[in-house]
Amino acid sequence: MPRVNIVIPAFNAQDFIAETVRSALAQTMGDLQVTVINDGSSDATAERAACHDPRLKVISQENRGMSKSRNRGMGEVDSEFVALLDADDLWHPEKLRLQLEALRQRPDHDFCYTAFDVWHGEPRPAYFAEPRAGQVDESLSGWIYPHLILDNYALPSSVVWRRSAWERLGGFLTDDQKTDDWEYLVRASTQHRFVRLAESFVLYRQHAVSLSRRIPPVNSHELMRSRLLQRFGMSMPPGHDVDARALQMFQHRGWCNFADSHVAKGDLGVGLKAFARLLATSPYRGQTLTKLGKSLFRRVVPRD
């Protein structure tokens, strides 16, 4: 039984998957299994993921989506710990070793996540050669529900956790790939302690995609936040309270950005309706009016 099962869902990832798999197999903690779920790709993802390392397993299936692929990958290999890695992200070679050491030192913590670098694909050889100490960020460790309900500080590609916690929590929801991983981690944070390593161990790849193609018709993030708050409240576990003012600011920002994207480059009606709701309910009326004016200007005088 490998100590860690690393699950990599992959859909049409032929340009990145080989490098991602290599970064997982190059971990200095070598007692691991890499499970690639080729999720109905129409390109050469499966072929480029494959190599002769016995620690690699590639499974092909019909397209089911990210969350269902993650759930399947978790069940394919028994292990003491589980980890996620997106098909286009890369890991520092010391990531798993230092995360498992942090969890060994804190047996009452079940999840470990790390800082990360936003990355646009440029060569970063020095990143992988730089030593890491495994320093813990105490401000975002412990019972972190009050932090996670504000923002998803735990990038999925950075998280390692005990399989016992996976079995207790159940799998990812499979309704909305934009929020399924956030929902899972928030749910986990109500029952389990997290420890965060302060140094970056993940290169989080960003792709150049047309903004107009990325504007969602509904504000999935804020709708999910509302559902999570209805379910878990403002103190979870009891005594660990959400900062009400910070929450209000994050909610305003989330709706304001959604409204701005639609007014500037999307569905004008959807955007104006969202701005109208903010003007009626948010205490930040002045900021909302300023944002609305800038959004309308960008629609009339596009910058690109």
Side-chain angles (χ1 to χ4, degrees), residues 1-9 16 19-36 53 55-56 70 73-74 77-119 123-145 147-148 151-166 169 181-182 184-185 188-189 191-205:
M1 179 180 77
R3 195 167 187 211
V4 185
N5 177 29
I6 304 161
V7 177
I8 308 178
F16 315 112
E19 189 177 15
T20 296
V21 168
R22 284 196 298 271
S23 83
L25 293 172
Q27 292 296 295
T28 56
M29 198 293 297
D31 185 8
L32 55 83
Q33 172 79 44
V34 177
T35 306
V36 176
D53 195 310
R55 298 173 298 167
L56 174 68
R70 285 171 169 167
M74 292 293 180
V77 179
D78 195 14
S79 58
E80 183 182 357
F81 296 89
V82 292
L84 295 176
L85 177 55
D86 285 354
D88 52 358
D89 295 342
L90 301 180
W91 279 356
H92 186 279
E94 287 277 69
K95 177 181 181 291
L96 287 184
R97 184 184 72 80
L98 290 171
Q99 286 186 294
L100 296 189
E101 175 62 19
L103 289 172
R104 185 190 68 79
Q105 293 179 3
R106 300 187 182 207
D108 59 343
H109 289 55
D110 294 320
F111 286 72
C112 182
Y113 67 113
T114 78
F116 58 89
D117 283 4
V118 174
W119 178 52
R124 292 280 302 273
Y127 179 89
F128 303 99
E130 293 166 354
R132 297 287 190 271
Q135 178 182 357
V136 172
D137 178 358
E138 298 290 357
S139 68
L140 287 171
S141 296
W143 294 109
I144 65 168
Y145 172 78
H147 300 292
L148 283 186
D151 202 1
N152 192 2
Y153 292 96
L155 181 74
S157 287
S158 80
V159 184
V160 172
W161 67 108
R162 302 183 198 276
R163 179 169 291 278
S164 57
W166 168 264
L169 287 162
D181 51 34
W182 185 38
Y184 181 87
L185 293 168
S189 73
Q191 302 178 47
H192 301 274
R193 292 180 179 89
F194 285 57
V195 57
R196 182 179 190 265
L197 300 188
E199 297 160 295
S200 169
F201 286 87
V202 183
L203 292 182
Y204 174 42
R205 191 188 297 265

Fill in: Flag for R163-S79: side-chain donor and acceptor within less than 3.5 Å
yes
Item to complete: State whether R132 and E94 are salt-bridged, where the test is any N-O pair (Lys NZ or Arg NE/NH1/NH2 against Asp/Glu carboxylate O) under 4.0 Å.
Response: no
Practice prompt. Taking only Lys NZ, Arg NE, NH1 and NH2, and the carboxylate oxygens of Asp or Glu, determine whether R22 and E19 approach each other closer than 4.0 Å.
Written response: no
Practice prompt. Before accepting this row, confirm whether a basic side-chain N of the pair E138/R106 lies closer than 4.0 Å to the acidic partner's carboxylate O.
Written response: yes
Worksheet item: Does the ring centre of F81 sit less than 6.0 Å away from the ring centre of W166?
Response: no
Fill in: CZ-CD distance between R196 and Q99, expressed to the nearest 0.5 angstrom
11.5 Å
Practice prompt. Can you measure from OH (Y153) to OG (S139) and round to the nearest 0.5 angstrom?
Written response: 9.0 Å
Item to complete: Would you name the heavy atoms of V202 and L155 that are closest together and state the gap between them?
Response: CG1-CD2, 3.9 Å
Worksheet item: At their closest point, which heavy atom of A102 faces which heavy atom of C112, and how far apart are they?
Response: CB-SG, 4.3 Å
Worksheet item: Does I144 reach the side chain of Y113, with side-chain heavy atoms less than 4.5 Å apart?
Response: yes
Worksheet item: Roughly how far, to the nearest 0.5 Å, is CZ of F128 from NE2 of H92?
Response: 8.5 Å
Fill in: Euclidean distance, L96 CG relative to T28 OG1, rounded to 0.5 Å
8.0 Å
Worksheet item: If you look at every heavy atom in A87 and P9, which pair is closest and at what distance?
Response: CB-O, 3.4 Å
Worksheet item: What is the distance from atom NE2 of H109 to atom NE2 of H192, rounded to the nearest 0.5 Å?
Response: 12.5 Å
Practice prompt. Rounded to the nearest 0.5 Å, what's the gap from CG on L90 to CG on D117? Could you check?
Written response: 11.5 Å
Worksheet item: Looking only at heavy atoms, what is the nearest atom pair of S23 and W91, with distance?
Response: OG-N, 3.2 Å
Worksheet entry | L32 vs I6 side-chain heavy atoms within contact, under 4.5 Å | yes
Practice prompt. Could you check if a side-chain atom of V159 sits within less than 4.5 angstrom of a side-chain atom of F111, using non-hydrogen atoms only?
Written response: yes
Worksheet item: Salt-bridged, D89 to R205, with N to O below 4.0 Å?
Response: no
Worksheet item: Under 3.5 Å, is there a donor-acceptor pair between the S158 and Y204 side chains?
Response: no
Discussion item. Considering only residues two or more places apart or on different chains, which pairs with a residue in residues 26-35 satisfy salt bridge (charged side-chain N to carboxylate O under 4.0 Å, His left out)?
Written reply: none
Worksheet entry | Heavy-atom pair with the smallest gap, counting every atom of R124 and L203 | NH1-CD2, 3.8 Å
Worksheet, complete the sentence: From the list E80, Q33, M29, side-chain contact (heavy atoms from CB on, under 4.5 Å) with V4 holds only for M29
Discussion item. I'd like to know if the side chain of E199 and the backbone of A133 have a donor-acceptor N/O pair within less than 3.5 Å.
Written reply: yes
